[in-house]
Amino acid sequence: MYKKKPFFIVFEGVEGCGKSFQSKKLFKNLQKHKFQTLLTREPGGTKSAELIRNLILHDYFKKSKKDKFDKYTDTLLYLAARNEHVKTKIKPALQKKKIVICDRFIDSTIAYQVYGKKISKLFIDNIHSVILGGLKPNLTFVLKVSSKSSKKRLLKRKTKNRYDNFPQSFYKKAQNSFLKIAKNKKNYFILDASKNDNSLEKKIFDITSKYLKKK
Ligand code: TMP
């Protein structure tokens, strides 16, 4: 028997790795097994955080560099969106002993802003220590993908995102950052998501079930 308990699951990985797809699959599978589950995403997840998301993503498409946000403004916007999201959606759901599945969380900030844009990690860690108040994922899935598969998936997308036009070297660098973050960490699972079959969905559900059974 599973005991009802707060449980926070995060999916991370580069664009086109299939994390949004897999988080939806896990959400459906948990619901099928009668777990009270919430599926959400970052940046965004609440009305106000989605407004900030639009601001961030819109800025990316600006042609002239001088019209764009400074990289610290951009980082603060991700963190502002996270603050809204954590306080008004994630924590209240966990308090109700729900399972929360989030498509991207703090490791995306470390991968893109710290490793990618060279933003000070101390700056981000300090803000996180205030806005998260000890909140940590119980389980993180990092999905790894070949550049061929991610490219194929991105080409199929109707709406283009912030990094969808970046060269393959950018994805490789971002993916390596995620792998570095996950290496040797407890409660992290690096899974290959290059294939388009349902074996990954099953693996993710099996790992999650094992964790949920733990006391
Ligand atoms: P998405 O494609 O998963 O919806 O994410 C939107 C973009 O935001 C994606 O290109 C990664 C980026 N991102 C960051 O740069 N830092 C962050 O902290 C988060 C959550 C997302």
Side-chain angles (χ1 to χ4, degrees), residues 8-27 39-46 48-62 68-87 89-90 100-121 123-129 131-132 135-137 140-145 147 149-178 180-182 193:
F8 186 25
I9 305 167
V10 170
F11 280 83
E12 298 278 10
V14 293
E15 293 71 9
C17 72
K19 63 182 173 39
S20 306
F21 179 78
Q22 289 300 338
S23 36
K24 271 181 211 139
K25 288 283 181 193
L26 180 62
F27 174 68
L39 176 63
T40 188
R41 69 168 179 184
E42 286 212 349
T46 69
S48 54
E50 288 289 330
L51 286 174
I52 302 172
R53 177 190 175 94
N54 287 340
L55 211 62
I56 300 170
L57 299 184
H58 180 72
D59 184 67
Y60 168 70
F61 291 101
K62 286 195 180 140
K68 281 180 189 282
F69 291 134
D70 171 75
K71 63 180 185 177
Y72 274 85
T73 308
D74 177 71
T75 302
L76 286 165
L77 287 173
Y78 281 112
L79 297 173
R82 179 161 301 138
N83 184 46
E84 286 297 311
H85 190 210
V86 165
K87 299 227 165 92
K89 194 166 181 184
I90 298 181
V100 176
I101 303 172
C102 193
D103 180 347
R104 292 196 187 283
F105 197 55
I106 56 173
D107 292 336
S108 284
T109 319
I110 305 301
Y112 292 107
Q113 276 68 49
V114 176
Y115 291 137
K117 296 249 180 105
K118 310 290 176 219
I119 298 281
S120 151
K121 184 164 183 297
F123 172 78
I124 291 172
D125 286 348
N126 280 338
I127 296 174
H128 274 156
S129 75
I131 67 175
L132 299 181
L135 174 69
K136 261 200 258 167
T140 301
F141 292 108
V142 174
L143 303 190
K144 207 172 97 176
V145 71
S147 51
S149 304
S150 85
K151 205 170 170 183
K152 231 170 151 179
R153 286 175 189 157
L154 292 175
L155 285 172
K156 276 195 204 148
R157 274 194 196 167
K158 282 187 203 90
T159 48
K160 294 273 162 217
N161 210 332
R162 185 171 163 81
Y163 294 102
D164 287 355
N165 304 324
F166 276 48
Q168 284 305 306
S169 59
F170 175 84
Y171 295 110
K172 283 220 175 92
K173 206 177 145 207
Q175 177 148 291
N176 284 339
S177 304
F178 279 115
K180 207 154 99 182
I181 294 165

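Atoms within a ligand are numbered from 1 in the order they appear, just like the ligands themselves. None of these values were measured; they are calculated from a predicted model.
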Give the numbers and elements of all ligand 1 atoms closer than 4.0 Å to a heavy atom of Lys19.
-> 3 (O)
Please could you name the atoms of ligand 1 that Arg53 approaches to less than 4.0 Å, counting only its heavy atoms?
-> 4 (O)
Does any N/O atom on Glu15 come nearer than 3.5 Å to any N/O atom on ligand 1?
-> yes
Check: Tyr78 ring centre within less than 6.0 Å of Tyr112 ring centre | no
Identify, by atom number and element, the atoms of ligand 1 in contact range of Thr109, meaning under 4.0 Å from any of its heavy atoms.
-> 17 (C), 18 (O)
Okay, side chain of Glu12, backbone of Asp107: is any donor-acceptor separation there less than 3.5 Å?
-> yes
Between the side chain of Arg104 and the main-chain N/O of Pro43, is any donor-acceptor distance below 3.5 Å?
-> no
Does Lys71 come within less than 4.0 Å of Asp74, counting only side-chain N to carboxylate O?
-> no
Only heavy atoms count here, so choose which of Lys117, Arg104, Arg82, Gln113 is nearest to atom 15 (O) of ligand 1.
-> Gln113
If you measure from atom 8 (O) of ligand 1 to every heavy atom of Tyr112, Tyr78, Phe11, which option wins on shortest distance?
-> Tyr78
With a 4.0 Å cut-off on heavy atoms, does Arg41 reach ligand 1?
-> no
Atom pair CD1 (Ile106) and CD1 (Ile181), whose distance is rounded to the nearest 0.5 Å | 9.0 Å
Hey, looking at atom 7 (C) of ligand 1, which of Leu77, Ile124, Val14, Leu57 has the closest heavy atom?
-> Leu57
If we only count heavy atoms from C-beta on, is the Phe123 to Leu76 side-chain gap below 4.5 Å?
-> yes
